[in-house]
Amino acid sequence: MRQSKLFTKTRRESPADETAKNAQLLIRAGFVYKVMAGVYAYTPLGLRVLDKIKQIIREEMNAIGGQELIMTSLQPPEVWQSTGRWSDEVVDVWFKTKLKDGNELGLGWSHEEAIMTMMGNYINSYKDLPISVYQFQTKLRNELRAKSGIMRGREFVMKDMYSLHASKADMDDYYDKVIEAYKRIYQRLGLGEDTYVTFAGGGAFTKFSHEFQTICEAGEDVLYVNKAKNIAVNEEVLDDASSEIGIAKNELESVKSAEVGNIFKFGTEKGEQMNVTYKDADGEDKFVYLASYGIGVTRVMGVVVEKLADEKGIIWPENIAPYKVHLVGLNREDESIVDFTDGIYNSLKDKGVEVLYDDREARVGEKIC
Ligand code: ATP
Ligand code: MG
């Protein structure tokens, strides 16, 4: 890509109302464009990073048998009523609207009920299970506060995976595989060292869910962590979890952190509420087990910026950098040098190397600083 053709330009200033470091840096470097609080567009540079993050996640989800699909943003109330999650008192982030015929509609903030409804149509017998499906979906949430830049969007990209099973043992087994896959993902994203599998508030089926929390000053959560023992607990469940694990609170150090992933076992709860069943080997109807696994794709991008940037700006881990090479053409007034750098650019491109070529007629200081 020739930098002279990029419509985004690096800027010295970020919008006055943007307080989050991640968004300030991303806006200044031309990776995102702020539409309003909590709503950001991704420019060609930002999209390349986002696509690379997605690709890493996709590879790891495929490796454990995940099948990619895409659900819908438009959600009919019936799908959510059977579990009580259509209620604004239960779920306080719904964006709701109406069809022209007056019927209500919600915009997808999550997709457990949507998946269960759909899968109910495909599952007949135990032979159809297990199934693991995932998507990259733009989630819409009417968040009260959106002051953390792309780390808390009202519109944001999530990877959500759902696994359906015939037994608890099978669900437990798969859940453990997902934990390992998630560890590989955060490792490949450059966050491995500071990301902890964390005891967090659970659903109805298990006492705890697991969050993946990355130590980060800009995060909104507080984590209690013992680095040597590799144990982390969300502040919200500290008393419960510390007694359950058998670790004294004074062995845990408190740090700010960002929730970059959250995984849950629903067990048969949704199957029972929504009447999603399969026939076992004896032909008897049994409720399907469900677990769900989220990763905040755009939040992860924000966390990488927050954690790895230095005083000169964003530092991308090589795996997710928008380009592998930034070729900076200097002395543009000298035609032979321009020819020379053009040659390097073309040969890198021919070799399939992703290269951003700064071919602009600009001062050296503007290019290198
Ligand atoms: P939070 O506690 O931060 O509000 P949550 O627990 O409501 O998040 P989940 O429903 O567990 O979120 O969503 C799965 C993942 O999606 C989270 O672990 C987080 O990484 C990401 N996520 C959730 N809300 C947002 C948001 N508003 N903007 C960006 N990412 C988000
Ligand atoms: Mg969560």
Side-chain angles (χ1 to χ4, degrees), residues 20 22-23 26 32 34-42 46 50 53-54 57 61 71 73 75 80 83 85 90-95 106-115 134-162 178-179 182 185-186 189 191 194-203 206 208-216 218-223 232-237 256-266 270 290-307:
N22 67 83
L26 287 163
V32 304
K34 183 174 190 177
V35 177
M36 60 188 198
V39 183
Y40 298 88
Y42 289 75
L50 206 54
I53 296 174
K54 283 185 182 174
I57 298 172
M61 295 298 95
M71 302 299 287
S73 287
Q75 293 286 314
W80 295 83
T83 63
R85 294 213 290 180
V90 178
V91 173
D92 62 359
V93 292
W94 272 117
F95 279 112
L107 306 183
W109 62 278
S110 185
H111 284 82
E112 282 90 2
E113 279 78 346
I115 281 282
Y134 72 96
Q135 63 175 343
F136 293 96
Q137 169 70 265
T138 300
K139 304 288 186 198
L140 299 153
R141 292 188 183 183
N142 200 348
E143 301 275 4
L144 189 58
R145 279 178 292 277
K147 289 191 179 148
S148 300
I150 66 165
M151 288 168 66
R152 182 168 297 283
R154 295 193 161 103
E155 180 174 333
F156 65 96
V157 179
M158 194 199 287
K159 184 285 301 177
D160 38 330
M161 177 153 88
Y162 305 91
V178 178
I179 291 182
Y182 270 39
I185 288 168
Y186 297 115
L189 294 175
L191 297 175
D194 275 345
T195 301
Y196 286 83
V197 184
T198 304
F199 286 87
T206 47
F208 302 108
S209 75
H210 291 103
E211 288 174 349
F212 288 76
Q213 291 275 359
T214 307
I215 297 176
C216 176
E220 295 179 16
D221 292 357
V222 175
L223 200 64
V233 176
N234 191 314
E235 182 184 39
E236 290 171 354
V237 295
K256 301 268 302 282
S257 68
E259 181 193 320
V260 290
N262 198 181
I263 62 177
F264 290 90
K265 289 177 188 174
F266 285 96
K270 298 273 177 219
L290 171 74
S292 88
Y293 317 87
I295 290 184
V297 179
T298 40
R299 180 176 290 179
V300 159
M301 181 168 160
V303 171
V304 168
V305 173
E306 291 280 345
K307 283 189 69 79

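In each ligand, atom 1 is the first atom listed, and ligand 1 is the first ligand listed. What you are looking at is a predicted structure, and each value in this text was computed from that prediction instead of being measured.
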Of all N/O/S atoms in E259, the name of the one nearest the Mg ion (ligand 2): OE2
Side-chain donor/acceptor of K307 to backbone N/O of I215, under 3.5 Å: yes
E211 N/O/S atom closer than 2.8 Å to the Mg ion (ligand 2): no
Test side chain to side chain donor-acceptor pair (under 3.5 Å) applied to Q213 and S257, step by step: CA-CA 6 Å; Q213 291 275 359; S257 68; 2.9 Å; yes
Electrostatic pair R152-E220, nearest N-O below 4.0 angstrom: yes
Whether F212 and Y182 hold their rings parallel, tilted or perpendicular, with breakpoints at 30° and 60°: tilted
S110 to ligand 1, any heavy atom closer than 4.0 Å: no
The Mg ion (ligand 2) to nearest N/O/S of N262 below 2.8 Å: yes
G294 N/O under 3.5 Å from ligand 1 N/O: no
The single option from K159, H111, M161 passing side chain to side chain contact (heavy atoms under 4.5 Å, CB included) against Q135: H111
Closest approach of any protein heavy atom to atom 28 (N) of ligand 1, naming residue and atom: G153 N, 2.8 Å
V260, portion touching ligand 1 at heavy-atom distance under 4.0 Å: backbone
Distance-only N or O hit between ligand 1 and R152, under 3.5 Å: yes
Option of least heavy-atom distance to atom 30 (N) of ligand 1 (set: W109, Y293, F156): F156
Ligand 1 atoms in contact with G261 (distance to a heavy atom under 4.0 Å): 18 (O), 20 (O)
E113/R85 under salt bridge (charged side-chain N to carboxylate O under 4.0 Å, His left out): CA gap, chis, key distance, verdict: CA-CA 9 Å; E113 279 78 346; R85 294 213 290 180; 2.8 Å; yes
Winner among E211, R141, K139, E155 once heavy atoms are compared against atom 9 (P) of ligand 1: R141
Option with minimal heavy-atom separation from atom 8 (O) of ligand 1, where the choices are M301, E259, M158: E259
More than 12 heavy atoms of other groups within 6.0 Å of K147 NZ: no
Nearest non-hydrogen protein atom, atom 21 (C) of ligand 1: G296 CA, 3.5 Å
Main-chain N/O of M71 paired to Q137 side chain as donor or acceptor, under 3.5 Å: yes
N262 side chain to S209 side chain, donor-acceptor N/O pair below 3.5 angstrom: yes
4.0 Å heavy-atom contact, M151 with ligand 1: yes
Parallel, tilted or perpendicular: ring planes of W80 versus W94, cut at 30 and 60 degrees: perpendicular
Per-atom contacts of ligand 1 with E143, taking only distances under 4.0 Å to non-hydrogen atoms: 24 (N), 26 (C), 27 (N)
